[in-house]
Amino acid sequence: MNGVVMSESTDAETVLRNALKIEQIADPVRPVELIVERCGLERLQLIYSLPACRDFDDFVGQIARKKGKLLRGAQPNVDEACKAVLKDWNDGRIHFYTSPPGDRDFITDDARQTCAFSSRALGSDTLKHGKPGKRVTENPD
């Protein structure tokens with residue numbers, strides 16, 4: 001399961017790329033902090049069906065209680081709770097994506113014209129129902 005990992009990556013980022021086994025992680029807290037930074041507490045609360053969390057520590061405590069990762073005296077086992085979150089991240093239970101780097105408006109005018117022409121050429125019925133409609137045979141330029 002190990003693969004090639006960019007050398008500029010921090011240990012936490014390497015963990016989030018699923019390049020290390022969760023059992024081999026010495027400090028699982030920092031990668032989960034990165035997950036919280038990227039996804040936000042509100043989104044993670046929805047994913048895990050948790051009540052409002054005040055901060056990271058409260059989030060990890062609620063995860064520990066929900067998943068039964070407790071120490072003596074019902075104290076949250078922070079490391080085990082973080083490992084559970086990392087497992088969910090690696091298994092795809094926490095959905096996250098980023099926009100491509102660079103200009104957010106990366107579709108060129110030529111690509112827009114091609115898409116517009118293609119949709120007109122197919123006809124709106126084809127796009128909506130898969131049935132051929134009126135076809136355009138000339139370029140809209």
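No experiment lies behind these values; they were computed from the predicted model shown.
Annotation for A52 and Q62: closest pair O-NE2, 3.5 Å, computed over non-hydrogen atoms. The minimum heavy-atom distance between L86 and I22, with the atom names listed, is C-CD1, 3.7 Å. Of all the heavy atoms in C82 and P28, the pair that sits closest is CB-O, 3.6 Å. Of all the heavy atoms in Q24 and L20, the pair that sits closest is OE1-CD2, 4.3 Å. Considering all non-hydrogen atoms of both residues, K69 and A84 come closest at CE-CB, 4.5 Å.
A single hydrophobic cluster is not seen to contain both V29 and L70; linkage of ILVMFWY side chains at heavy-atom distances under 4.5 Å, directly or through other members, places them apart. L71 and V78 end up in different hydrophobic clusters when Ile, Leu, Val, Met, Phe, Trp and Tyr side chains are linked at under 4.5 Å. Two different hydrophobic clusters hold L46 and I94 under the rule that ILVMFWY side chains link at heavy-atom gaps under 4.5 Å.
The CD1 atom of I63 sits 4.5 Å away from atom CG of L50, with the distance rounded to the nearest 0.5 Å. We find the CG-NE2 distance between D88 and H95 to be 10.5 Å, quoted to the nearest 0.5 Å.
Taking D27 as the reference, nothing meets the side-chain hydrogen bond (donor to acceptor under 3.5 Å, both in side chains) condition, with sequence neighbours excluded. Scored by the side-chain hydrogen bond (donor to acceptor under 3.5 Å, both in side chains) test, D91 finds K87, R93 as partners (sequence neighbours excluded).
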Tell me which donor-acceptor pairs under 3.5 Å the side chains of residues 30-41 have, and how far apart each pair is, sequence neighbours excluded?
from : atom 1 : to  : atom 2 : distance (Å)
R30  : NH1    : E33 : OE1    : 3.3
R30  : NH1    : E37 : OE2    : 3.3

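Within the 4.5 Å cutoff, the side chain of W89 has no heavy atoms near those of the V15 side chain.
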